[in-house]
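Residue numbers run from 1 in the order of the sequence given.
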Amino acid sequence: MKPAWIYLALGLALFLAVTLPPLLDRWRVNAPMVLVSLGLLLGLLPGFRDLDLDPVAHGDAVTHIAEFTVLVSLMGVGLAIDRPLSFRDRGSWRSWSPAWRLLGIAMPLCIGAVAALAWGAFGVAAPAALLLGAALAPTDPVLASDVQVGGPNENTAEPDAEANEVDEEDEVRFALTSEAGLNDGLAFPFVHAAIMLAGVGAVSEWGAGWVAWELLGKTVIGVAVGVALGWGVARLAFTSRAEEIRFAATGEPLVAIAALLAGYGVAEVCGGYGFLAVFTCAMAIRSFERKSSYHHDMHEVIERLERLLTLIVLLLLGMALTNGLLAHLDWQGVVLALALLLVIRPLAGLASFVGHRRSRGLAGFDARERLVAAFFGVRGVGSIFYIGYAVTHADFPEARWLWSVIAFTVVVSVYLHGFTAPWAMAWQERGEQSKARAAARS
């Protein structure tokens, strides 16, 4: 592909990043659907048809592009969540119950069900089956904006209220956002398990070490690095004696990008999970002076960068689909993708909410809320990163088949969840309004 076509593609991407959001908001159209569709069309045009988008041949580049896109999104999600989480406040931990249930119940069920279906029913080798389940397990913070919380809201508390009373009102959006923020890092141990199964051998040879280090050790390091760095950045930004580096006063939003890069780098150097570090770093910053407008400044610059990266990734994905990315997709892959999106994730989500009760004296998730939260397990850029990471760190003979299945699943998720999100969220919100009116009458 000539350099001129690359400049044309990048210019088009930047132009669309500026013009698409307001237009799509007016028409109530899901942006990822438009971008993937546009990529499919671009891939058919002369000049773009010869673009080499083979993810196996360019595994490192694909992995790092997806990696950075997810990192930016995780920073934005962490800054956007209003609900506090304090290590010393048991009530705040209970208020995050929807997230813990989706992470501790729904995600392992999805990994196990996809892996079991691929291995037991379709004869896929165990390492590839486990990798498929692990890569498709995390829900996506990049493509799920229609069902997630908006930006930071510092005005939900009364003027004389404590800062930590700023909170989320929509339980479904909070559950899906917090799940997406955490499960990108928590899926990593299972990706590493697939890599070790492919490279080392039987579980008996590495299982104990995997539990101690990959599952527990790296998770603790990632969270600790994120919390420590986020606290340090927040102290500097809000309370520094030197006004020049009190960034909340100067309104310098690029601190958010510096924090995500530093958090990821430090966590990875220390051996921890960088995804968890970035999300917890953002959460730690957000918890400091919770009602400050500076959080909006940081979130805005992160959101703009995320919009551009997402646009580029989805355009490239669409062009790759036209240029042979689905060449190795078979009926088993189609069944696995549809089973995950239409059966496995919804049932696992519903199972995770059995017995759930809100911690603030309110009724538990009603039927509408449970159905919406269970169904919208959007798959996206995180899955692309994990499959790229795994096939560049171990030998998977099924690599091209895995790429085809992952790509198909992501695209089906984009269209399925994109079409249904406005209707589902409106239906769920009508239920909330009905409950509010009933409570007012009583």
Side-chain angles (χ1 to χ4, degrees), residues 55-56 59-60 62-64 66-67 70 103-104 106-140 182-219 222 268 271-276 328-330 332-333 335-337 339-341 344-345 348 377 379-410:
V56 176
D60 287 334
V62 171
T63 301
H64 290 311
E67 178 181 41
V70 174
L103 293 167
M107 190 178 77
L109 286 176
C110 288
I111 295 174
V114 171
L117 182 60
W119 177 66
F122 299 140
V124 178
L130 179 56
L131 174 58
L132 187 64
L136 288 174
T139 55
D140 199 73
L182 287 165
N183 65 11
D184 272 300
L186 295 177
F188 230 137
F190 301 95
V191 173
H192 279 296
I195 292 173
M196 288 188 283
L197 195 60
V200 178
V203 177
S204 59
E205 299 181 27
W206 51 265
W210 175 82
V211 172
W213 178 239
E214 303 292 345
L215 185 62
L216 301 177
K218 288 187 173 184
T219 299
E268 291 291 321
Y273 290 129
F275 282 176
L276 286 176
H328 294 81
L329 183 68
D330 54 18
Q332 291 99 327
V335 170
L336 283 166
L340 171 65
L341 298 175
I344 295 173
R345 162 63 192 207
R379 267 57 188 177
V381 182
S383 297
I384 294 174
F385 165 73
Y386 278 128
I387 189 66
Y389 177 91
V391 300
T392 56
H393 284 76
D395 181 23
F396 289 89
E398 308 87 351
R400 292 191 179 278
W401 178 80
L402 289 168
W403 267 112
S404 292
V405 176
I406 294 288
F408 178 76
T409 307
V410 170

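Closest of all the heavy-atom pairs between Pro138 and Ala187 is CD-CB, 3.9 Å. Contact between Leu215 and Val211 at its shortest, heavy atoms only, is CB-O, 3.5 Å. When all heavy atoms of Trp210 and Ala193 are compared, the closest pair comes out as NE1-CB, 3.6 Å. Counting all heavy atoms, side chain and backbone alike, Ala194 lies closest to Leu130 at N-CD2, 3.6 Å. Heavy atoms only, all atoms of each residue included: Trp401 and Leu336 are closest at CH2-CD1, 3.8 Å. The two residues Ala135 and Ser383 have their closest heavy-atom pair at O-OG, 2.7 Å.
Atom-to-atom distance recorded for Lys218:NZ and Glu268:CD is 7.5 Å, nearest 0.5 angstrom. Atoms CG and CD1, on Leu132 and Ile406 in that order, are 5.0 Å from each other to the nearest 0.5 Å. With rounding to the nearest 0.5 Å, the separation of CG in Leu136 from CD1 in Ile111 is 10.0 Å. One finds the CZ atom of Phe188 at 11.0 Å from the OG1 atom of Thr219 (value rounded to the nearest 0.5 Å). The distance from the CG atom of Asp395 to the CD1 atom of Ile195 is 12.0 Å, given to the nearest 0.5 Å. Here the CD-CG distance, from Glu67 to Asp60, works out to 10.5 Å after rounding to the nearest 0.5 Å.
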Under the criterion ring pair (Phe, Tyr, Trp, His ring centres under 6.0 Å), I'd like the reasoning laid out for Phe396 against Trp403: C-alpha separation, chi angles, the key distance, then a yes or no.
CA-CA 11 Å; Phe396 289 89; Trp403 267 112; over 10 Å; no

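Judged by distance alone, the side chain of Trp206 and the main-chain N or O of Val200 form no donor-acceptor pair under 3.5 Å. Side chain of Thr409 to backbone of Ala337: no donor-acceptor contact under 3.5 angstrom is found.
A side-chain donor from one of Thr139 and Asn183 sits under 3.5 Å from a side-chain acceptor of the other.
With sequence neighbours excluded, the residues that form a side-chain hydrogen bond (donor to acceptor under 3.5 Å, both in side chains) with Tyr273 are Glu214. Shown here are the side-chain hydrogen bond (donor to acceptor under 3.5 Å, both in side chains) partners of Arg379, two or more places apart in sequence or in another chain: there are none.
Side chains of Val391 and Val56 form no contact here, defined as non-hydrogen atoms less than 4.5 Å apart. Counting only heavy atoms from C-beta outward, the side chains of Leu186 and Phe275 never approach each other to under 4.5 Å.
Tyr389 and His64 have their aromatic ring centers separated by at least 6.0 angstrom.
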